[in-house]
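All heavy atoms count here, side chains included; hydrogens, waters and symmetry mates do not. Each chain gets a letter, A, B and so on, in the order the sequences are listed, and its residues count up from 1.
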2 protein chains.
Amino acid sequence: MQTPSSRVFQDPISDRLGYVLRRASSVMMADLGGALAVTGLRPVEATILILVEANPRCTQSDIGRMLGIKRANMVPLIAGLCAKGLIDKSPVDGRSQSLTLTAAGRDRRDQADALMRAHEARFEAMLSSGEVDALRTALARLMLNDTAETD
Amino acid sequence: MQTPSSRVFQDPISDRLGYVLRRASSVMMADLGGALAVTGLRPVEATILILVEANPRCTQSDIGRMLGIKRANMVPLIAGLCAKGLIDKSPVDGRSQSLTLTAAGRDRRDQADALMRAHEARFEAMLSSGEVDALRTALARLMLNDTAETD
DNA sequence: TATTGTTATACTCTATAACTATA
DNA sequence: TATAGTTATAGAGTATAACAATA
């Protein structure tokens, strides 16, 4: 056969740290997206529910800063969660609005969180506990190079 | 002062492996993008030049399979590199075209590769060599969970 | 002056469907 | 029947600029 590749290719990029980091991240995010599909939430939406529950009465700007998402891009995210009846806004400032989970939001958060933890456990099961610790340590170290502006 | 946050927030997501993986990846990619800006190439374009040099006469579909980029999305990437005079196409099949670097493409590849290696060295310098090895091993293991279709 | 929320906009990345032509 | 290249299109994610209201 002479189908897509009897040819063997040189692979000069699988030893590039940035490349493998990006690919591993995209594999894990794709898995998470699939795991969360039953909740009707995307990973970022599930993450917001978790953050709002842990920080009741925070603002959407607070969430944006925690996640590295710009103010302008938080608007449709929060609006979507409100439209789904998972989050309530209430004015605090006149310019700020505090966020809290609705009862449905708490249920959905719990459902999503359980799926996220199971997802994480599936990936961690591929590593020894020492490897997991090493991975977390290394990633935390690399993140110190973050140069992104707050907004 | 009562500026953006005298308030301290709970952070229930920085211990989620998927989240830190995604953030670390985006930090490193942003740094790479900045480092490559002087070449006028995006990270994916530099990567393609490196792959074409290592695999002369490969097709754009071959590149797509190596990088996990779909056929349809390879079209503007390769067209852009051709328009810049960095890659030449020549028909092999009637349906396939083989890719090779032009002289300018080789120069640009070398320039970009040097910047990529320096970029990588800056990040690896934040870790011990044992930590670098552990990180690479762990990431390679996680990537085995890849469920993406070829095309 | 700085911050919050917002609108509008644009660019990149990714995904699907469909088509042509070739093998 | 499968592959290569292509077009068109849609959805995410992310970025900037600008504005109003408020602190």
Sorted by chain and number, sequence neighbours left out, side-chain hydrogen bond (donor to acceptor under 3.5 Å, both in side chains) with A/T47 holds for none
- Query: Does a side-chain N-to-carboxylate-O contact under 4.0 Å join A/E124 and A/R136?
  - Reply: yes
Sorted by number, residues from residues 27-41 of chain B placing a heavy atom under 4.0 Å from DNA chain D are none
Residue pairs meeting salt bridge (charged side-chain N to carboxylate O under 4.0 Å, His left out), one or both in residues 22-34 of chain A, sequence neighbours left out, come to A/R23-B/D146, A/D31-A/R122
(message) Does C/dT3 have its OP1 or OP2 closer than 4.0 Å to a side-chain nitrogen or oxygen of A/S61?
(response) no
B/D133 meets the side-chain contact (heavy atoms from CB on, under 4.5 Å) criterion, sequence neighbours left out, with none
note: A/D151, atom CG; D/dA17, atom P; distance rounded to Å ~ 12 Å
note: B/I69, atom CD1; C/dT12, atom C1'; distance rounded to Å ~ 12 Å
Donor-acceptor pairs are to be reported for all side-chain atoms of residues 67-89 of chain A against protein atoms at under 3.5 Å, with residues two or more places apart or in another chain.
unit_1, atom_1, unit_2, atom_2, d
A/R71, NH1, A/D151, OD2, 3.0
A/K84, NZ, A/G40, O, 2.9

Quick note, ring-ring contact (aromatic ring centres under 6.0 Å, His included) partners involving residues 74-133 of chain B, not counting sequence neighbours, are B/H119-B/F123
Does OP1 or OP2 of C/dT6 have a side-chain N or O of A/K89 closer than 4.0 Å? yes
Contact check, residues 72-83 of chain A vs DNA chain C, heavy-atom distance under 4.0 Å, returns A/A72, A/V75
Whole-Å distance, A/E149 CD to D/dT14 P, equals 16 Å
B/Q97 atom CD is separated from C/dT20 atom C1', nearest whole Å, by 14 Å
Of the listed C/dG5, D/dG5, D/dA4, the closest approach to the A/Q60 side chain comes from C/dG5
A side-chain contact here means heavy atoms from C-beta on lying under 4.5 Å apart; do A/L51 and A/D62 qualify? no
Contacts of A/N145 meeting side-chain hydrogen bond (donor to acceptor under 3.5 Å, both in side chains) (sequence neighbours excluded), chain-then-number -> none
Residue pair A/R42/A/G94 against DNA chain D: nearer the 5' end by closest nucleotide is A/R42
A/S96 side chain near D/dT22 phosphate (N/O to OP1/OP2, under 4.0 Å): no
Using only side-chain N and O atoms of B/R22, determine if any of them is under 4.0 Å from OP1 or OP2 of D/dT14. yes
Worksheet item: Is there a donor and acceptor pair, one atom on the side chain of A/R95 and one on the base of D/dT22, closer than 3.5 Å?
Response: yes
Rounded to whole Å, NZ of A/K70 lies from C1' of D/dA18 at a distance of 16 Å
B/R71 has its side chain closest, among C/dG5, C/dA18, C/dT16, to C/dA18
Looking only at heavy atoms, the pair that brings A/N55 and B/Q10 closest together is OD1-N, 2.6 Å
Worksheet item: Just to confirm, is there a sub-4.0 Å distance from OP1 or OP2 of D/dA4 to any side-chain nitrogen or oxygen of B/R65?
Response: yes
To the nearest angstrom, the CD-P distance between A/E45 and D/dG11 comes to 15 Å
B/L67 CG to C/dA15 C1', in whole Å, measures 17 Å
Applied to residues 9-20 of chain A, the salt bridge (charged side-chain N to carboxylate O under 4.0 Å, His left out) test, sequence neighbours excluded, yields A/R16-B/D113
